[in-house]
Protein chains: 2
Amino acid sequence: MADRNDNDAIQTTNTSFEIIHALQELGPARLSTIADRLGLAESTTHRHLQTLSDLRYVSRDGDRYQIGLRFARLGRAAQTRDPAYEMAKPHVQELAEETGERAQFVVEDHGLGIYLHVETGSRAVRVGFGVGRQIHLHSSSAGKAILAHSPRERVDDILDQWGLPAHATNTITDRDALYDELETVRERGVAFNREEHVDGLNGTAVPVKRDGRAVGALAVAGPSHRLTGEWFEDEVPSMMLAAANELELNVTYASDASSTDHIVE
Amino acid sequence: MADRNDNDAIQTTNTSFEIIHALQELGPARLSTIADRLGLAESTTHRHLQTLSDLRYVSRDGDRYQIGLRFARLGRAAQTRDPAYEMAKPHVQELAEETGERAQFVVEDHGLGIYLHVETGSRAVRVGFGVGRQIHLHSSSAGKAILAHSPRERVDDILDQWGLPAHATNTITDRDALYDELETVRERGVAFNREEHVDGLNGTAVPVKRDGRAVGALAVAGPSHRLTGEWFEDEVPSMMLAAANELELNVTYASDASSTDHIVE
DNA sequence: GAGATGATTCCACAGAGCGGAACTACTAAG
DNA sequence: CTTAGTAGTTCCGCTCTGTGGAATCATCTC
């Protein structure tokens, strides 16, 4: 066959997840819609949906299929796979209160940044980047904080895999420019995002380290007109540094006596 | 073949999810451990893990595999698949504050109750039943509130599927007894759980209805020695009823103008 | 009732997933 | 430095299973 595509992944599993992704995007949808969208036979689509429904990962209401609530469980399992992740939550809440802006905890997986906690302060901008959201690391303050404290080799791999696509007018799209930026971040201990991810949105972040490696980053984001001057460049960062410092102590301490954290099914 | 098991589900998809479930329970695990546990050939396991890793639903660190953070996204999609679910969150928070106990929002899917929001009040009992947790409906206050406002036919189906297993000393394990109980719940508008799910734990819940059907239930749970008397039987229920009432108004109103809630990938 | 639409079941075929065996990469030990 | 031993990866042929098309069934609509 000519179509020796990507690599040899299991096609059936891919198809099942394609259907799940379709449901994620479409919301409640009918079988034929999904089959059309993915270019699958209706019989095939039907069997996948049947299987996924048996597994409770798809719900069905009449002739509408939608994503199953069992995924809440797996999502939760992901969010708590490292005890450090849960420890970050109160600090995110505190930062949201102190700054009044949106505070986040972001970690890296497969070269992307994933929002694990999001708290909105009193005057924070509206939703849109909720928990679970995936972003490129090169164009966000949290991402740069993480990259700055990752081995150069790993950074290269990530950039190879995802490139440096432009998301906003100030996005850093040049590799060397990014390396310089990461050097600055390392020196200052704080990363800034000046409308690099979304126009009109600034952000700043600090890494949370364990054993020298960044396990994630604490970040604060808000409209660029409000996040400016000393508030943006000094005051907010020092709040985050204080939080990160405390968090790092918890995380490091807990990793010694972590055995009790295991949760059995 | 003799083994015409359950029905004809897609075996490959089942296997992939079995591996995911194994990772969920084991935490970081090595390939051979997973293969052993599931009775699969290592080569097969390897291919599944490879595929799931390409999809970013499995992460790999050296020779340890674990659940991927991308599931946080699907979990979030499940948690927000109905806009009503998000509207419940502030009410849960308020109930947790007012009562000081653990407050929850539970919905039904595939005949099980799923915790979508959990907030712990100042003196609430420690974790263990977090977001995403799945419980039988017959043995919890929230479950009974939901069942009481579901069509009899649906209740039968659910009981057929899941039975009435005993979880604690007071669990209702008799079908007719449960029907009587549901009738009481309908009359009072409130459901109670007196150590039916976990010994030492009481709970109470009210349904949240839309168009006559229960979309979920608001519940409060706490140690049986603290949840007693008027506080348990009147005061807490009236707080919940007030919250549910307000929530129902939001939910019903929002369902008219819901088109703007759609979130695009 | 007839017609259309969509979901479900049936079926035959070939492609895809499977397990066993061979191979490679690391460690540990002697 | 060599030799086992362990765990992960790749290879390969077989067969079984997932696939799409067609036929059937269920629901609405006009």
Side-chain angles (χ1 to χ4, degrees), chain A residues 1-23 26-68 110 153 157, chain B residues 1-23 26-68 110 151 153-154 157:
Chain A
M1 283 295 136
D3 60 314
R4 176 167 290 272
N5 58 358
D6 296 5
N7 40 13
D8 44 6
I10 298 178
Q11 197 48 43
T12 309
T13 298
N14 273 329
T15 304
S16 276
F17 275 102
E18 269 176 36
I19 289 174
I20 289 164
H21 295 155
L23 290 176
L26 293 170
R30 39 184 2 130
L31 185 143
S32 52
T33 311
I34 301 162
D36 275 5
R37 186 188 176 89
L38 301 178
L40 295 170
E42 292 195 347
S43 55
T44 303
T45 308
H46 179 259
R47 201 137 20 83
H48 276 272
L49 285 168
Q50 187 101 334
T51 303
L52 291 169
S53 181
D54 287 348
L55 287 165
R56 288 183 279 125
Y57 286 115
V58 160
S59 304
R60 184 178 175 174
D61 189 23
D63 56 2
R64 298 281 167 170
Y65 292 91
Q66 61 183 326
I67 192 165
H110 285 276
E153 189 185 41
D157 286 347
Chain B
M1 287 292 139
D3 62 314
R4 176 166 292 273
N5 60 358
D6 295 5
N7 42 15
D8 43 8
I10 298 177
Q11 196 48 44
T12 310
T13 298
N14 273 330
T15 303
S16 276
F17 275 103
E18 268 175 36
I19 289 173
I20 290 164
H21 294 156
L23 290 176
L26 293 170
R30 37 184 7 130
L31 184 143
S32 52
T33 310
I34 301 163
D36 275 4
R37 187 189 176 90
L38 301 177
L40 295 170
E42 292 194 346
S43 55
T44 304
T45 308
H46 179 259
R47 199 136 24 82
H48 276 272
L49 285 169
Q50 187 99 337
T51 303
L52 291 168
S53 180
D54 286 348
L55 287 165
R56 286 183 282 124
Y57 287 114
V58 160
S59 305
R60 183 177 177 179
D61 189 22
D63 55 2
R64 299 282 167 170
Y65 290 91
Q66 62 182 327
I67 194 165
H110 284 275
E153 189 186 42
R154 176 90 186 108
D157 286 348

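When reading the values below, keep in mind they use all heavy atoms of this one structure, side chains included, and skip hydrogens, waters and symmetry mates. As the structure is a prediction and not an experimental result, all values here were calculated from the model. Residue numbers begin at 1 in each chain, while the letters A, B, ... track the order of the sequences.
- Taking 4.5 Å as the limit, every side-chain heavy atom of A:Gln50 sits out of range of all side-chain heavy atoms of B:Ile10.
- Side-chain contact between A:Asp63 and A:Leu31 is absent, with no heavy-atom pair separated by less than 4.5 Å.
- Atom-to-atom, CD of A:Gln50 to P of D:dG18 comes out at 14 Å; the value is rounded to the nearest Å.
- Closest non-hydrogen pair, B:Arg30 versus B:Arg64, comes out as NH1-NH2, 3.4 Å.
- The shortest side-chain heavy-atom distance between A:Glu42 and A:Thr45 does not fall under the 4.5 Å cut-off.
- Proximity of A:His48 to the phosphate of D:dG18: no side-chain N or O atom is located under 4.0 Å from OP1 or OP2.
- In this structure, A:Leu49 atom CG and C:dT9 atom C1' are separated by 16 Å, rounded to whole Å.
- Distances shorter than 4.0 Å separate none of the side-chain N or O atoms of B:His46 from OP1 or OP2 on D:dG8.
- Atom-to-atom, CG of A:Asp61 to P of C:dA7 comes out at 14 Å; the value is rounded to the nearest Å.
- In this structure, the CG atom of A:Leu40 is 16 Å from the C1' atom of C:dA7, given to the nearest Å.
- Distance from the side chain of B:Glu42 is smallest to D:dT9 among D:dT19, D:dT9, C:dT8.
- The side chain of A:Ser43 approaches D:dG21 more closely than any other nucleotide in the set C:dG17, D:dG21, D:dT19.
- Atom P of nucleotide D:dC25 and atom CG of A:Leu31 are separated by 19 Å, given to the nearest angstrom.
- Residue A:Arg47 is the one, among A:Arg47 and A:Thr12, whose nearest nucleotide of DNA chain C lies closer to the 5' end (criterion: closest heavy atom).
- Summarising the geometry, the separation between CD1 on B:Ile19 and C1' on C:dG17 is reported as 12 Å, rounded to the nearest angstrom.
- The residue among A:Ile10 and A:Tyr65 whose nearest nucleotide of DNA chain C is located toward the 5' end is A:Tyr65.
- For C:dT8, the OP1/OP2 oxygens have no side-chain nitrogen or oxygen of A:Arg30 closer than 4.0 Å.
- Distances shorter than 4.0 Å separate none of the side-chain N or O atoms of B:Arg64 from OP1 or OP2 on D:dA7.
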Margin query: The test is side-chain contact (heavy atoms from CB on, under 4.5 Å); show your working for A:Ile34 and A:His48 and say whether it passes.
Written below: CA-CA 11 Å; A:Ile34 301 162; A:His48 276 272; over 6 Å; no
